Every structure is written in structure tokens, then in C-alpha cells.
Amino acid sequence: MNEQLKYMTGKVAKGLMTRREFVGRAAALGVTAAVANTMLANSAAAETPKRGGMIKIGSSGGESTNTQDPALVASEAPLNNTRAWGEPLVEVDENGEIDFRMAESVEASADAKQWVFKIRKGIPFSNGKDMTPDDVLKTMQRHSNEDSKSGALGIMKGIAGMKVDGDNFIVDLETANADLPFLMADYHLMIQPGGGMEDPGAAIGTGAYTLEIDEPGVRHAFKRRDDYWDSENRGWADEIEQLILNDATARTAALQSGQVHAINRVDPKVAALLDRAPNLSVKSVAGRGHYVFIAHKDTAPFDNNDVMLALKYAINREEMVDKILRGYGSIGNDMPINAAYPLFDETIPQREHSIEKAAEHYKKSGHDGSPIILRVSDGAFPGAVDAAALFQQSAQAAGIPLEIKREPNDGYWSEVWNVQPFCASYWGGRPVQDQMYSTAYLSTADWNDTRWKRPEFDAMLNAAKAELDNAKRKEIYSKMGRMLNEEGGLILPMFNDFVMGVSNNLGGWIDDPNSSMMNNKAHIKCWLKDA
């Protein structure tokens, strides 16, 4: 109940719920009107936003090869950038509900095969031109094009046609999909003038800020727009700056010294100590994020399923959660879905660590004993190098010749991930199973980083989209999860909490399970208390 009341007081503070509505809903929870009004008064005093100043964040996941093209966003730092200057049709809020951005409403046909998004009027791009439904259409067309290399390509595959009719952007699907609005919240789908077809990296969008300094791998600076359409909810700071700090020690030091107001990816090894520092707090949010080792199923030796099963049985999940996450997470099961997802099947058996079974499958595989090279970097996820070392030890105990090759942070997401056949990586997860599977496991998805290409899996994914009966849909997702668990190239030892360090001078913080740093919007939704 406390969390629900906190959520409702936040809605009142943002003008999204009236005082009368709050008192009425609080009464339904057993809270008297007098207490409810006191809560509102206290909340208003504590959470009144302030304008001004510069918010600085320190981020990992930035590289010299980064661009501002939202289609190519593959890590947190470039995502923070595009969140500053751009917005999609819709977003998913911290409670899993649709938050309308460039669309002001959406309606579906009775069979969920046609979706009509009503596009807002009078919303200016940062170049002064008004955003139109045609810009929305062209944006979606660009991300549907194979040449765009968009990370959203997988979720666009089920679209049969798109068109504009007056103020409406209309999507016709090949098969029904009750989750389509959640797919349109994909962070690659920032609405750009002309769809961004002429200059996708121009950083022109409808967001609260304009890009002033762009030094990939070093820093990015932004200035607040005076003409931003939603200034009562976002864009409190006059300026924001993102410093690229891929080294965990450097990030932590920057927060402790006051150089930045918030950092992502706090190393779990220092989280408890950092939380005791004056004027700081550590925020930990459980969700759908996962730390993984990914193998290309179309490349030897990973095309041999006994090799994959040997590696999966060899990894010690409990040890990794204890030693790498320090309890800030939970064990994984070689599928990207956990209990944070709707329609999760809790009856899927948990794979246990077994040196005996690992050795059995490795012997059965007939592998020639040559080194199996796992590429890893500190930037892959906090503790990735240590996790790889633990993996190597347990694999060697089973007679598996796992060899670790350490790669530089800079260039990891462009030269190693989704390029090399076996590497460490991470995923932030997605709001619904359809989006997670469509983005990374559909045969034709550009971000299919395990090269998992199974027509029967694709068919089940399409069947799940079309199934409006949740019980039947859950059954389909269960079969998909079991198939990935047994035959996929994903080794998922742990679901990570999002662990972040935040200055006590930063107001408006909300725990958001969708991704780190308030779903990568802390810099645009928070404010400085001393501004």
C-alpha cells in the first residue's frame, strides 16, 4: 500500500491526478481524508521541482564510435543522449503503463490487427518545424528498412502496412498483437524530421534539450529548449552533461567528489560502502536486466548443442550472484524472461550447476579440445571479467578448454558484441515478452546476437502475437522459453538489479524497473534541489 500511495502522490505532484481523486483512492486503501491531505502537503514540500542549474551524469557504455543515430543505439551512454533530444510515440512508465508522448492516444480494432495512433499537434522539433504524422510514418519506414541496421528491425517485422490519415498514424499488422503499443515504446524509434532519412545523426527531435557538445567517448552537453512542449514534467535543469566514465572506479570517484550527480552501474562490490557515504545514496531496482554470455549458433563449436549444454551446466549461477552481484540480483535460466514479465511460466525447470553433466555433454560433443575463446571487457557489465574467470574455472573442472580474451572497452559494442562468436554482454530487458523475443530472437532481427534462427520459434512468436487469450499465450511463451533454454546460444547466469549512485541533491528520483537511471531519463526528469 505504501508504494501505491507514493506513486499516487507523485501523480498529483506532476498534475496527472487531482487532489480529489487522490483522497478518494486513498480512502479506498483505508486512509482517512485528513491523513491523505497531510501526505499531499508533505509530498508537495519535498517534491516541488526546481528549474535551473546543470545536471551531470557519469555513464559507462560510451565509445568513440558512437553516433546520435537512434537506430544504432546499443548501450547506455548513447541512449541517454537520444533521450535528451528525442521522444518516441509512447513510453512505458515505472508501473508498466503506456505514457503517451508524440501520440496522444491509441485505439485498436476488435481483432487487434489495426492500431490507430492519434498524433499530437503543434509539437515543434528542435529545428523549429512542427512534428507531423508524416514524420512518424517516415521514421517507422526507416526503422523497417534492412539498410538502417536498426535495433528495432525485429519488432517492425510483423507490420503489414503503415499509413497516415489526417492526424492519425495507422498500423496494420499481419497478425493480431495486443502488445503493439509496448513495441512502439522501443527506444530506437525516436521521431525525427522526415524520419531521419537525410541525416539520422543530426540529433533533431522533440525532446527537452538540444545537443551542444558531442564528443563521443568523452562527453556530451545539452541545453534546455524554451519551446519544449512538456516543460511541466521534464527538462528542469538549464543544462545537462553526460561524462563517459567506462571505468567503474572513475565513475564512483566522480560521484563522491561531486563531479557528477548520478552514475550508472555501481559495482556491487562497493555498493554497500558507497551507500554509507555522506550526501549520497545507492538505488537498487530489480527488473528484467540480465548479464549474459552469448554464442553464435551458426558458428562452430557453438552449432553443436552438446557444447552449448556443457557450457550451460558448467556455469555456477549461485556463485556468480553471490560473488559478482553481491546479492543485487537473482539466478538466470538460459532464457531472457524472468518473473518480472507478465505470462512468465514458473514451472520451467531451473538448470542446476553440474560438473558431471557438463563433462558428459562435452565428451558427447566430440569437440577436438582446441580453446573455446570467450571475449570479455569491463564494459560488458560490472564484474564481467571476474565473472568470466569464474566461468573458466568451473568449465576447466569439467574438462572444457575455455580461454578468456580480454578486449578494450572502446569499440566493444561495435567490434565485439554481435560480431565475435562468443562474448560477454548485457540486456536491459523489455516491458513484454513479445518485444524481447522480437528484438533479439526472431530469425530476421538485426540484434539477434546469438544467431538463433528457427522457423518453428518464429512461428510460435507470431502465434503468440495473434493469441488474445492470455492462458493460451502463456502456454506458447512457455514452449518458446523451454526451447531457448535447451537449444539456444544464450548462457544467462544472472538477472541483475539496476544499481546506481545518486547525489542527495538530485530531486524527483523514481525507481523504474524498465532500465537503469530511471529508464535512462534521470537527467531529463530530475532536478537540482539547490537550483
Side-chain angles (χ1 to χ4, degrees), residues 10 54-63 66 70 73-88 91-95 99 185-188 190 207-209 219-222 233-237 239-248 250-252 254-256 259-268 271 274-275 280-291 328-329 340 379 381-382 413 426-431 495-528:
M54 175 186 284
I55 290 178
K56 296 184 178 183
I57 60 174
S59 300
S60 66
E63 302 176 322
N66 289 153
V73 169
S75 55
E76 290 186 60
L79 173 53
N80 291 333
N81 288 333
T82 57
R83 290 286 198 201
W85 60 257
E87 294 170 302
E91 293 175 351
V92 179
D93 70 14
E94 63 274 15
N95 294 289
D99 176 17
D186 188 281
Y187 56 76
H188 298 96
M190 300 296 177
Y209 293 88
R219 69 173 181 142
H220 309 272
F222 301 82
N233 292 297
R234 301 183 179 190
W236 300 105
E239 299 174 273
I240 54 178
E241 183 177 63
Q242 176 174 217
L243 300 180
I244 305 305
L245 301 169
N246 288 317
D247 181 76
R251 274 198 312 282
T252 303
L255 179 66
Q256 290 175 308
Q259 185 182 3
V260 297
H261 298 99
I263 60 172
N264 67 348
R265 291 191 171 194
V266 169
D267 191 325
L274 184 64
D275 196 40
L280 302 176
S281 61
V282 170
K283 310 290 186 181
S284 176
V285 186
R288 307 169 186 89
H290 42 284
Y291 295 159
Y328 289 100
F381 58 81
W413 299 109
Y426 81 98
W427 278 89
R430 296 295 186 270
F495 283 90
N496 61 287
D497 292 354
F498 300 116
V499 187
M500 303 144 288
V502 181
S503 164
N504 292 343
N505 188 36
L506 203 63
W509 185 273
I510 295 173
D511 289 340
D512 191 324
N514 288 297
S515 187
S516 179
M517 299 288 280
M518 292 175 52
N519 201 8
N520 302 97
K521 290 177 280 193
H523 53 316
I524 62 174
K525 296 180 77 173
C526 289
W527 57 86
L528 295 175

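Treat the numbers as computed from the prediction; the structure is a model and nothing was measured.
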For the [atom1] atom of [X] and the [atom2] atom of [Y], what is their distance to the nearest 0.5 Å?
X: Ile263; Y: Met517; atom1: CD1; atom2: CE; result: 8.5 Å
X: Leu79; Y: Met190; atom1: CG; atom2: CE; result: 6.5 Å
X: Asn233; Y: Ile524; atom1: CG; atom2: CD1; result: 11.0 Å
X: Tyr328; Y: Asp267; atom1: OH; atom2: CG; result: 10.5 Å
X: Asp512; Y: Met500; atom1: CG; atom2: CE; result: 9.0 Å
X: Trp509; Y: Cys526; atom1: CH2; atom2: SG; result: 6.0 Å

Non-hydrogen side-chain atoms of [X] and [Y] separated by less than 4.5 Å:
X: Ser75; Y: Glu63; value: no
X: Val266; Y: Pro382; value: no
X: Phe381; Y: Asn496; value: no

Please determine whether side-chain contact (heavy atoms from CB on, under 4.5 Å) holds for the pair Asp186 and Arg430, giving the CA-CA distance in whole Å, both sets of side-chain angles, and the decisive distance to 0.1 Å.
CA-CA 8 Å; Asp186 188 281; Arg430 296 295 186 270; 4.1 Å; yes

Taking every non-hydrogen atom, the tightest pair across [X] and [Y]:
X: Ser60; Y: Arg265; result: OG-CD, 3.1 Å
X: Val499; Y: Ser284; result: CG2-OG, 4.2 Å
X: Ser516; Y: Asn264; result: OG-CB, 3.7 Å
X: Pro513; Y: Ala286; result: CB-O, 3.4 Å

When the ring planes of Trp413 and Tyr426 are compared, do they come out parallel, tilted or perpendicular, using 30° and 60° as the limits?
perpendicular

Would you call the rings of Trp236 and Trp527 parallel, tilted or perpendicular, where under 30° means parallel and over 60° means perpendicular?
perpendicular

Step by step, work out the side-chain contact (heavy atoms from CB on, under 4.5 Å) result for Ile57 and Ile240.
CA-CA 8 Å; Ile57 60 174; Ile240 54 178; over 6 Å; no

Partners passing side-chain contact (heavy atoms from CB on, under 4.5 Å) against Trp85 (at least two apart in sequence or in another chain):
Gln68, Pro70, Thr82, Gln192, Ala203, Phe222

What pairs with Glu91 under side-chain contact (heavy atoms from CB on, under 4.5 Å), at least two apart in sequence or on another chain?
Arg83, Pro88, Asp99, Arg101, Arg234, Lys521

Using a distance-only test with no angle check, is there a side-chain donor-acceptor pair under 3.5 angstrom linking Glu76 and Ser59?
no

Side chain Asp511, main chain Val285, donor-acceptor under 3.5 Å:
no

Among His523, Arg219, His220, His261, side chain to side chain donor-acceptor pair (under 3.5 Å) partner for Glu241
Arg219

List the steps, then state whether side-chain contact (heavy atoms from CB on, under 4.5 Å) holds for Leu528 with Leu506.
CA-CA 5 Å; Leu528 295 175; Leu506 203 63; 4.0 Å; yes

Kindly indicate, with the supporting measurements, whether the criterion side-chain contact (heavy atoms from CB on, under 4.5 Å) is fulfilled by Leu274 and Leu280.
CA-CA 8 Å; Leu274 184 64; Leu280 302 176; 3.9 Å; yes

